[in-house]
There are 4 protein chains.
Amino acid sequence: MSPRTPAQNEEIRLASQEKILRAAFELIAQNGYESTSIAMIAKKAGVSKGLLYNYFDKKEDLVRALLEAAMREGDVMLRELMDDDASATLKNIFQWFFREMREQPHHWRLMAELSLKIDNLNIVRKFALGKLNEYVGLMENLLTRLGYENALGEARLIVALFDGIGFEALILKKDYPLDEMEAYLITKYCQEK
Amino acid sequence: MSPRTPAQNEEIRLASQEKILRAAFELIAQNGYESTSIAMIAKKAGVSKGLLYNYFDKKEDLVRALLEAAMREGDVMLRELMDDDASATLKNIFQWFFREMREQPHHWRLMAELSLKIDNLNIVRKFALGKLNEYVGLMENLLTRLGYENALGEARLIVALFDGIGFEALILKKDYPLDEMEAYLITKYCQEK
Amino acid sequence: MSPRTPAQNEEIRLASQEKILRAAFELIAQNGYESTSIAMIAKKAGVSKGLLYNYFDKKEDLVRALLEAAMREGDVMLRELMDDDASATLKNIFQWFFREMREQPHHWRLMAELSLKIDNLNIVRKFALGKLNEYVGLMENLLTRLGYENALGEARLIVALFDGIGFEALILKKDYPLDEMEAYLITKYCQEK
Amino acid sequence: MSPRTPAQNEEIRLASQEKILRAAFELIAQNGYESTSIAMIAKKAGVSKGLLYNYFDKKEDLVRALLEAAMREGDVMLRELMDDDASATLKNIFQWFFREMREQPHHWRLMAELSLKIDNLNIVRKFALGKLNEYVGLMENLLTRLGYENALGEARLIVALFDGIGFEALILKKDYPLDEMEAYLITKYCQEK
DNA sequence: TATGAATGAGCATTCATTCAT
DNA sequence: TATGAATGAATGCTCATTCAT
């Protein structure tokens, strides 16, 4: 009889958003942004198309929310990989990256897909620029502590390497030699001396 | 008035296809696959939509032809960069790559866009796999001659680096430090005493 | 906590309806019927969409209530303009009409908009017919007292004139010569020797 | 085998546009702009929704074309009503107007409907302003020749009268005394000694 | 070989209306 | 009485594709 309390509503809202975001993530990661229709997302989420627009004003907003969530997760991960020892941290990062490539190739697919849409989806650009600089900075710090002369150059190289490997693995899938690359990189960067 | 000879017809066919492919290339490279309509391509090519469907059964087929042509061009380029001196060849390749990134960023955009798009099509995967192996092989040969111990690993690394730099430069555009990267890579790989 | 008395409930009901009608009036007068959503009305009225449907079963019902209220207001106005002197009354009416056109053009917009909208609904037609006859009758009475021969014809003419001026002023807004028209009509109808 | 000639295509195009415009006119005149969907128009015209967009880029463009056609027709009519004798011309105009109101009430409905949309459909405004001034000018000329002192004022009055009668007749339909109004106006304006 | 009129499924988005609470 | 989450049909519009000529 009496209306739902604000707290109850908030809970319901969060649950619905969660369902929608999860469905959107999987579909966009699998098929790309343009090939994923609002109808598909709603269907997979088990809600009506209309409800989706209760939470996200435009299709683009869905992507923004997706990106934000993905980046937040990435940050948490990265922080957990930190170690007092620079070499150990670097190794953790390499291992984490290759594990991700194996277990969650979707994540990378989403990022790549959206990145290409930058010209059309303006939100994406800001995210990408900030994140890239953040990763390069972090890597530079590690390499400096490891005694690299041109730590910035090598940091940029490694970050680009991640992107390149991600891209190639995305396309070649099982044909890409993830194991060999991982071993080679760890040997090269973490076994100094 | 008089019927065309088979030879003339063939010539016409090739010319039409050429026009269509060039138009498609420019439009897709600039705006992406989904944002480029068949109508736009036909208009830019100066042919009718109907004619376009005479040569390519589906929009996807056009894309496949585009990819093949682009990769063929890449081969021709690569062969021209060869030099008896391994170090000089490597430098040529680096310089060519960075020049391309500066002058024809669209090319890379097209390759990335299309690769993601038809990543399900096995033809593309096999194509990409072959190309990647070819590039890695070539690079491995160069690095072996330059005395690298694990030439294969380093070759894979460099090829992935190309992809990664291409990807990042595509996103960051003017914000990406192409010059610094080029200098750093040449110093690192081509100045070995 | 304690249950509301029936009288209190009735009071609350009336207050809510009043809020809703006022909000609907302003929004529809400004933006038109189709461009005004139930959500907008509920928001402006400070009530929930659900409550709105407690009082009005359909959007159309809201409109009907609006029309009735507007016409009731018109009646009250008209009565206040009456004067023992027919010429003075006529002048009052002209002046009131032009003042309304200047200060509340939205009112007219609403009436015109809604009249066209539900022109199929017989209720509205009967309503409008009654009103028109009432106005014509009143005007005929005035003109008879002023000595017009065909008072009925001239009364119909003047009432149609009001509608026509209202319509044109609605469209031309600042471009419509309200002042000249007012002066001309008063001179023509109220300065008779 | 050989493609259609440009002339053939033009003919086909004109026929299709004609069908679409006719359907749009009838539906919009009957139900109003917002209540007439593109789908309804296409269905009534017997063409696909897609084809409609081959000829009109937006729904608004359809209205523009409709207005233009209606106004062109109106102009032709008016010119035919002209007579060397001002009084005869005026009578012709009155008679034509009332005949139209009886036989083609849709025309008026369309104009009224669209006029109210002026704020949203910008095209309409220009048309309305120009046309109104044109009609007032024409009427002023006639009345001047008939010896009216304030011909401009009376011209404005008559034009507004047309609009007012049109509006009221639109709503009251058969209940509006078109015959009496016609007789009264002709007596009043055209029987001057 | 070549044209472009025509199709229709599909898309993002809106909104009146319902209903569990 | 009151809420707002949820629905789903409808809308304007796009576009790959077909086909008569």
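Order of the sequence lines sets the chain letters (A, B, ...), proteins ahead of strands, with each chain counted from 1. Computation of the quantities below employed the complete heavy-atom set of this structure, encompassing side-chain atoms and omitting hydrogens, waters and symmetry-equivalent molecules.
Of the possible polar contacts, one joining the D:Gln8 side chain to the D:Thr5 backbone as a donor-acceptor pair under 3.5 Å is found. Side-chain atoms of D:Glu113 come within 3.5 Å of backbone atoms of D:Tyr33 as a donor-acceptor pair (strictly under, hydrogens ignored). In this structure a side-chain-to-backbone donor-acceptor pair under 3.5 Å is present from D:Thr36 to D:Leu27.
Atom CG of C:Asn31 is separated from atom C1' of E:dC15 by 15 Å (rounded to the nearest Å). Rounded to whole angstrom, the span from the NZ atom of A:Lys43 across to the C1' atom of F:dT7 amounts to 16 Å. With rounding to whole Å, A:Arg13 atom CZ is found 13 Å from F:dT3 atom C1'. For C:Leu62 and E:dC15, the CG to P distance is 16 Å, given to the nearest whole Å. The separation between D:Leu52 atom CG and F:dC15 atom P is 16 Å, rounded to whole Å. Rounded to whole Å, the distance from CD1 on A:Ile20 to P on F:dT7 is 9 Å. Taking atom CD of residue A:Glu10 and atom P of nucleotide F:dT3, one finds them 18 Å apart after rounding to whole Å. Summarising the geometry, the separation between CD on C:Gln17 and P on F:dT1 is reported as 10 Å, rounded to the nearest angstrom.
D:Thr5 has no side-chain polar atom (N or O) that falls below the 4.0 Å cut-off from OP1 or OP2 of F:dT21. Regarding contacts with the backbone of E:dA20, every side-chain N or O of A:Arg4 stays at 4.0 angstrom or more from both OP1 and OP2.
Environment of CD in A:Glu11: sparse, with no more than 12 heavy atoms of neighbouring residues, nucleotides or ligands closer than 6.0 Å.
Using a 4.0 Å heavy-atom distance criterion, C:Leu51 is classed as a base contact. The residue B:Tyr55 sits close only to the backbone: its heavy atoms come under 4.0 Å of sugar-phosphate atoms, none of a base.
Nearest-nucleotide mapping onto DNA chain F: of A:Ile12 and D:Gln8, the residue sitting toward the 5' end is A:Ile12. For the pair D:Val47 and B:Asn9, nearest-nucleotide mapping onto DNA chain E gives the more 5' position to B:Asn9.
Base pairing of E:dA5: its partner is F:dT18, meeting the Watson-Crick or G-U wobble criterion (both donor-acceptor distances under 3.5 Å).
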Can you give one letter per nucleotide of nucleotides 9-14 of chain F, going 5' to 3': B for a protein heavy atom under 4.0 Å from the base, S for sugar-phosphate only, - for none? -BSSBB
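Between A:Met71 and A:Met111, some side-chain heavy-atom pair lies under the 4.5 Å cut-off.
For B:Glu26 and B:Arg22, the salt-bridge test fails: no basic side-chain N is under 4.0 Å from an acidic carboxylate O. We find that C:Lys58 and C:Asp61 are not joined by a salt bridge, their nearest charged nitrogen and carboxylate oxygen being 4.0 Å or further apart.
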